Amino acid sequence: MLDINMFREHADIIRADHDKRGLSHDQIDEVIRLDNNWKKARYDADQLRRVRNEAARGIAEAKKAGNDEEMQNILAEVASLGEQIDALGVEADNLENSRDELRMKIPNILHESVPVGENEEGNTLHSKHGNKKEYPFQPKTHNELVDQNNWVDLPRAAKIAGSRFYFLKGDLARMELALQQYAVDFLTVRGYTFVQPPVMMNRTAYEGVTDLADFETVMYNVQPEGFYTIATSEHPLTAMFMDEVMEPSMLPMKMVGISPCFRREVGAHGQSDKGIWRVHQFTKVEQIIISKPEDSWELHEELLSNCLELWDSMDLHYEVVNICTGDMGTVASKKYDLEAWLPGVGTYKEVVSCSNCTDYQANRLRMRFRTPDGNESVHTLNSTAVATSRALVAIIEQNQTETGDVEVPQVLQPYMQGQKLLKSCNW
RNA sequence: GCCGAGAUCGCAUAGCCCGGUAUUGCGGUGGAUUCGAAAUCCACUGUCUUUUGACGCGGGGGUUCAAAUCCCCUUCUCGGCGCCA
């Protein structure tokens with residue numbers, strides 16, 4: 001959510017941003033109109049409250065002085081004031097709610113380096129990494145490889161849960177665990193604090209970190225308590241400091257989180273998403289930073305460079321793309337994606353997303369830090385380190401041999417008792 | 001799950017019984033003093049606002065001219081009992 005002062009003082013900046021995104025100015029104008037009406041209603045209510053407060057003080061004094069007649073006089077004067085104040089107060093609240101409901105839908109201001117484009121076609125190549133290996137045979141898809149080795153059981157998962165769930169078995173499951181440990185260790189030595197968050201959140205906290213539409217299409221609602229299962233540990237880790245004023249000495253706060261991630265994936269269908277690529281549950285190791293505004297762009301590059309080093313260390317081939325205006329969500333101001341090469345499928349596909357959300361989440365969550373001139377909103381940043389299911393797909397396809405075996409990346413071998421090849425599961 | 005006690009400004013605290021301008025300490029910022037520092041002293045230190053104005057005592061509702069204070073609901077914390085991986 002953008003600061004209300006942006007609408008009052010710098011509406012031109014928001015309008016210019018909407019032009020870049022190809023959006024009309026209607027919503028901006030409506031927020032400004034509602035804000036003006038709210039200010040007026042509030043002013044009127046404040047004036048009536050003032051009259052009432054003055055009367056209340058008068059009554060208190062008259063009572064103290066034992067002047068009963070004076071007290072009765074004042075009481076008669078303010079008899080109907082309460083109702084008027086309530087009516088104006090309700091009007092002001094309604095205006096404020098409408099204003100903020102609309103304000104929540106207005107996207108973050110994009111960074112100047114974000115390329116302009118209508119959709120994902122407009123994303124620009126930032127850099128290429130690793131070797132695009134040549135295979136002296138026709139590379140198989142990850143789906144063919146996991147079937148051949150019995151590493152994934154989709155039909156039985158569908159039987160006991162539903163489609164897009166999976167059992168991960170044997171050595172592939174062990175490599176999944178190795179990936180988690182490796183990524184956590186990798187970031188811990190770089191000064192990030194390991195945090196395991198709750199995997200469910202209440203509605204209020206969740207509204208602070210996500211697009212409202214996500215409640216219908218992404219999150220599971222857990223009854224009877226009404227919790228929402230998290231779609232990523234970004235959400236609990238960012239909301240962790242909701243409603244708090246942080247000490248500047250705590251910033252930047254760097255965390256590495258791990259959690260299962262739950263996604264309903266409403267509306268997702270199609271052959272290309274078969275298997276474990278797009279699923280309802282996976283594990284993700286995530287980087288989170290809460291920083292002062294002046295540090296966030298440098299730290300955004302740090303998050304990216306952590307990803308590059310991590311993925312390079314596993315000897316994988318991938319590209320980094322700079323997400324364009326038309327492909328950006330509402331929350332991020334700038335976003336890089338890592339797209340790994342899948343030789344079996346023959347395309348690059350998204351495995352990491354690295355965003356600077358500036359003060360957009362912090363404004364909703366009321367997360368501030370202390371400065372000599374008052375409290376200021378912090379900036380929040382997040383980046384995948386590894387989403388294990390997708391990293392597994394990239395490793396399986398890129399490290400396959402002619403016989404359908406998969407080589408374990410060297411850096412993961414210590415987490416698997418030195419094992420160099422994944423063994424098939426025999427059932 | 002049951003019973004009891006709590007939640008007050010960044011932190012810690014007073015006020016609550018008995019309704020009438022939110023107390024004090026710490027921390028922070030600025031200033032005085034100093035060659036400089038420590039110590040000391042002074043001021044400021046919740047939010048909003050076109051306001052010598054309004055709001056603010058976990059959240060929501062009620063009673064009242066007036067609620068931190070009284071009543072109801074709710075969340076969380078602590079203690080006791082129960083259950084439990």
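Just so you know, these numbers come straight off a predicted model, no measurement behind them. Letters A, B, ... mirror the listed sequences (proteins, then strands); counts begin at 1. Every heavy atom of this structure was used, including side-chain atoms; hydrogens, water molecules and symmetry mates were not.
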Atom [atom1] of [X] to atom [atom2] of [N]: distance rounded to whole Å?
X        : N     : atom1 : atom2 : answer
A/Leu251 : B/G10 : CG    : C1'   : 13 Å
A/Glu96  : B/U47 : CD    : C1'   : 12 Å
A/Arg50  : B/U52 : CZ    : C1'   : 9 Å
A/Ile74  : B/C65 : CD1   : P     : 14 Å
A/Asp243 : B/G59 : CG    : P     : 10 Å
A/Arg366 : B/G56 : CZ    : P     : 17 Å
A/Leu88  : B/C55 : CG    : P     : 13 Å
A/Lys40  : B/U51 : NZ    : C1'   : 14 Å

Between [Y] and [X], is there a salt bridge with N-O shorter than 4.0 Å?
X        : Y        : result
A/Glu407 : A/Lys420 : no
A/Arg278 : A/Glu265 : yes
A/Glu61  : A/Arg57  : no
A/Arg33  : A/Asp29  : no
A/Lys284 : A/Glu286 : yes
A/Glu302 : A/Lys254 : yes

Quick check on [X]: does its [atom1] atom have over 12 non-hydrogen neighbours (other residues, nucleotides or ligands) under 6.0 Å away?
X        : atom1 : result
A/Arg15  : CZ    : yes
A/Glu118 : CD    : no
A/Gln410 : CD    : no

[atom1]-based separation of [M] from [N] [nearest Å]:
N     : M     : atom1 : result
B/A37 : B/U47 : P     : 30 Å
B/A67 : B/U21 : C1'   : 14 Å
B/A14 : B/A32 : P     : 37 Å
B/C48 : B/U40 : P     : 33 Å
B/A38 : B/U24 : C1'   : 25 Å
B/C81 : B/U63 : C1'   : 37 Å
B/U51 : B/C18 : P     : 42 Å
B/C73 : B/C26 : P     : 41 Å

For this session: Can you check whether any acceptor in the base of B/C55 is under 3.5 Å from a donor in the side chain of A/Arg49, or vice versa?
Result: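 There is none.
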
Among [options], find the nucleotide with the atom closest to the side chain of [X].
X       : options             : answer
A/Ala56 : B/C65, B/U51, B/G10 : B/C65
A/Lys39 : B/G53, B/C65, B/U50 : B/U50
A/Arg52 : B/C48, B/U50, B/C65 : B/C65

Exercise. Which is true for A/Asn53 with a 4.0 Å heavy-atom rule: it touches a base, it touches only sugar-phosphate, or it touches nothing?
Worked result: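 Contact class for A/Asn53: sugar-phosphate only.
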
Exercise. Contact class for A/Gln47 (heavy atom, under 4.0 Å): base, sugar-phosphate, or nothing?
Worked result: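 Base contact.
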
Seminar exercise, completed: Output row for RNA chain B, stems defined as at least 3 consecutive Watson-Crick or G-U pairs under 3.5 Å, is B:1-7 with B:75-81, B:10-12 with B:24-26, B:27-32 with B:40-45, B:46-48 with B:53-55, B:58-62 with B:70-74

Problem set entry | Toward the 5' end of RNA chain B, by each residue's nearest nucleotide, A/Ile59 or A/Trp38 |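 Nearest nucleotide further toward 5': that of A/Trp38.
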
Exercise. Closest nucleotide of RNA chain B for A/Phe227 versus for A/Arg370: which of these residues is on the 5' side?
Worked result: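 Looking at the nearest nucleotide for each, A/Arg370 comes out on the 5' side.
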
Exercise. OP1, OP2 of B/A66 versus side-chain N and O of A/Arg57: anything below 4.0 Å?
Worked result: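 No.
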
For this session: Establish, with yes or no, whether the OP1 or OP2 oxygen of B/U47 is under 4.0 angstrom from a side-chain nitrogen or oxygen of A/Asn375.
Result: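 Looking at the OP1 and OP2 atoms of B/U47, one of them is under 4.0 Å from a side-chain N or O of A/Asn375.
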
